[in-house]
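Single-structure report; data block below.
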Amino acid sequence: MEEFARIQKYVELIREKTDFVPEIAIVLGSGLNEFADKIDVVTTVKYADLPGFPTCSAQGHIGQFVFGYIENIKVVIMQGRIHYYEGYKMSDVVLPLRIMKFLGAENVIFTNAAGSMRVDYKPSSFMAFTDQIALFVPSPLIGENIPQLGARFPDTTAMFDKNIRDELILIARENNIDVNCGVYVQAAGPQYESPAEMLAFKLLGADAVGMSTACECIAALQMNMKICAISCITNYESGLNIDCPPLSHQQVQEMANKCVQDMEVLLKNLIIRCKQKKLFN
C-alpha cells in the first residue's frame, strides 16, 4: 500500500492549499496550455511546491494543477503532464491523474498532440479516441495491487464513453471544426516513429500515434472515471510518402498552438453540454 499512501499524502498537501472539489479533470497536451488561462481560476498548485513530486521537463509543459470554473462547473486542469520518456516510473506518470480522482474528479478529458497515419486525418484537425493500443509501454497497473484504485483486471471493452464522444462530434459539426474518430497508439518515445514502425502501427489498426495518454486512460478506467480523449493532429507520420519537413518538437508545438482556439471551443462546449445532459458521472 506504499503507492496509495503516496497518493493520499499529496491529496492532503493539496487540501492544505485548497478545499476545491472538482467534478472534471482535464489533461492538457503539448502546445495546449493556453486553455487553462480561459477558465475562472480559483487557485493553482505547482508540482514544484509538492515535495518529491515528479516535475515536467518536456518543453511546453508548465507543471501545475489549475482549479477553477467553466461557467458553474468545477474543473481541475493538469497543465503539464509527466511523460514515460522522461525516465519516470509509470506510477509517477499516472500519479497526477490519481490525485485528481481522489480530490473529487469523477470524469476526465485527455488532450494530446499526435501524428496522423492517415492521409485524410490532416494536421490541425482533431481525432476523438474510439479505442487505443497500449502494448508498447508498461501498464500502470503492473505491480502491487491497490484495491482502493479499483479492479485488478479492469475490462477495457468500452474505455471511451460513446455518449460523450458523440456530443463532441456534434459540437465539432456545429462549429465547423474537423474532428474524426479513430484508434490511438502510444509509443514510448522520445524519438519519433520510423517509417517501418508507423507501418506496423497502421497494420495493428492505429490511426494516430503519440507519446502519452494511453497509460493514463488505463489508470482512469481502473478508477471508474468517465473518459474522453482527443488528439490534436499536428503532423503526418513518416512513411506516408507525403512531402513534409523533418519532424521536430518545435513543429509539433507550433501546430498545436494553432489548434488552441478550436480546442477551447470543443472543451468548453463539451463540458457544459455533457453536464446539462447528465452524461458525466
Side-chain angles (χ1 to χ4, degrees), residues 1-28 45-56 61 63-65 67 74-110 112 129 131-161 184-186 188 211-229 280-281:
M1 297 303 171
E2 193 173 310
E3 182 60 23
F4 186 65
R6 184 170 74 136
I7 296 167
Q8 287 182 307
K9 178 189 77 172
Y10 286 121
V11 170
E12 290 168 3
L13 286 172
I14 292 171
R15 278 281 166 257
E16 291 174 3
K17 301 174 185 296
T18 179
D19 60 359
F20 192 90
V21 179
E23 301 175 59
I24 302 158
I26 305 166
V27 180
L28 297 180
V45 177
K46 296 183 182 300
Y47 300 167
D49 292 337
L50 301 171
F53 199 84
T55 56
C56 301
H61 289 261
Q64 62 182 5
F65 295 107
F67 298 87
K74 292 183 173 182
V75 302
V76 55
I77 295 177
M78 192 172 139
Q79 197 178 26
R81 58 166 31 108
I82 312 301
H83 292 85
Y84 181 62
Y85 65 70
E86 295 174 85
Y88 288 109
K89 297 183 296 183
M90 196 55 79
S91 57
D92 290 329
V93 173
V94 301
L95 177 63
L97 176 70
R98 286 171 167 169
I99 289 168
M100 291 190 294
K101 160 69 176 183
F102 282 91
L103 286 171
E106 298 287 344
N107 313 275
V108 59
I109 301 172
F110 293 102
N112 67 21
F129 290 25
D131 207 341
Q132 68 174 29
I133 299 169
L135 297 174
F136 302 99
V137 290
S139 168
L141 312 189
I142 289 174
E144 179 189 16
N145 183 39
I146 305 173
Q148 294 93 332
L149 297 181
R152 177 55 162 166
F153 304 104
D155 180 4
T156 62
T157 304
M159 181 177 293
F160 302 101
D161 190 274
Y184 174 86
V185 59
Q186 180 177 352
M211 302 176 193
S212 68
T213 311
C215 55
E216 296 162 293
C217 290
I218 292 170
L221 175 75
Q222 185 191 34
M223 297 186 294
N224 292 318
M225 301 177 80
K226 277 201 175 179
I227 305 169
C228 178
F280 288 134
N281 283 337

Nearest heavy atoms of A188 and Y85, plus distance in Å
O-CB, 3.3 Å
Side chain proximity check, V76 to F20, heavy atoms < 4.5 angstrom:
no
Between Q186 and Y184, is any pair of side-chain heavy atoms under 4.5 Å apart?
yes
Check whether any side-chain heavy atom of K101 lies under 4.5 Å from a side-chain heavy atom of E106, and answer yes or no.
yes
Check step by step if side chain to side chain contact (heavy atoms under 4.5 Å, CB included) holds for L103 and R15.
CA-CA 8 Å; L103 286 171; R15 278 281 166 257; 3.7 Å; yes
Looking at the rings of F65 and Y47, which for Trp means the six-membered one, are their centres under 6.0 Å apart?
yes
Report yes if the side chains of V21 and F67 come closer than 4.5 Å at any heavy-atom pair, otherwise no.
no
Using atom types as modelled and distance alone, determine if a side-chain donor or acceptor of N281 lies under 3.5 Å from a backbone N or O of N224.
yes
Any side-chain heavy-atom pair from P22 and V75 closer than 4.5 angstrom?
no
Look at R6 together with E3 and state whether they make a salt bridge at an N to O cut-off of under 4.0 Å.
yes
Calculate, to the nearest 0.5 Å, the distance between atoms CD and CG belonging to Q64 and L50 respectively.
11.0 Å
Please lay out, stage by stage, how I26 and V108 fare under the test side chain to side chain contact (heavy atoms under 4.5 Å, CB included).
CA-CA 6 Å; I26 305 166; V108 59; over 6 Å; no
Least distance between heavy atoms, A105 atom then M225 atom
O-CE, 3.4 Å
Can you name the nearest heavy-atom pair linking A151 to Q222, along with the distance?
O-NE2, 3.1 Å
For the pair Q132 and C217, evaluate side chain to side chain contact (heavy atoms under 4.5 Å, CB included) and give the outcome as yes or no after the intermediate values.
CA-CA 9 Å; Q132 68 174 29; C217 290; 3.4 Å; yes
If you round to the nearest 0.5 Å, how far is CD1 of I109 from NZ of K226?
12.0 Å
Before giving the answer on side chain to side chain contact (heavy atoms under 4.5 Å, CB included), spell out for C228 and F160 the whole-Å C-alpha distance, their side-chain angles and the decisive distance to 0.1 Å.
CA-CA 6 Å; C228 178; F160 302 101; over 6 Å; no
What one should report as the nearest heavy-atom pair of A220 and I227 is CB-CD1, 3.7 Å
Shortest non-hydrogen pair, A134 vs A214, comes out as CB-CB, 3.9 Å
At what distance, to the nearest 0.5 angstrom, does NZ of K89 lie from OH of Y84?
12.0 Å
Which pair of heavy atoms, one from M78 and one from L97, lies closest together, and at what distance?
SD-N, 4.4 Å
For the backbone of P54 and the side chain of D92, can you confirm whether one donor and one acceptor N or O come within less than 3.5 Å of each other?
no
Assess whether atom NZ of K46 is packed by more than 12 heavy atoms of other residues, nucleotides or ligands within 6.0 Å.
no
pair L141-I218: side-chain heavy atoms closer than 4.5 Å:
yes
More than 12 non-hydrogen atoms from neighbouring residues, nucleotides or ligands closer than 6.0 Å to NZ on K9, yes or no?
yes
Distance col, row L95:CG vs E216:CD, nearest 0.5 angstrom, shows 11.5 Å
Side chains of L149 and F102 in contact at under 4.5 Å (non-hydrogen atoms)
yes
Interatomic distance, F4 atom CZ to I146 atom CD1 [nearest 0.5 angstrom]:
8.0 Å
Are any non-hydrogen side-chain atoms of Y88 and H83 less than 4.5 angstrom apart?
no
Check: A25 main-chain N/O paired with N107 side-chain donor or acceptor under 3.5 Å:
no
Measure the spacing between CD1 of I142 and SG of C215 and express it to the nearest 0.5 Å.
11.5 Å
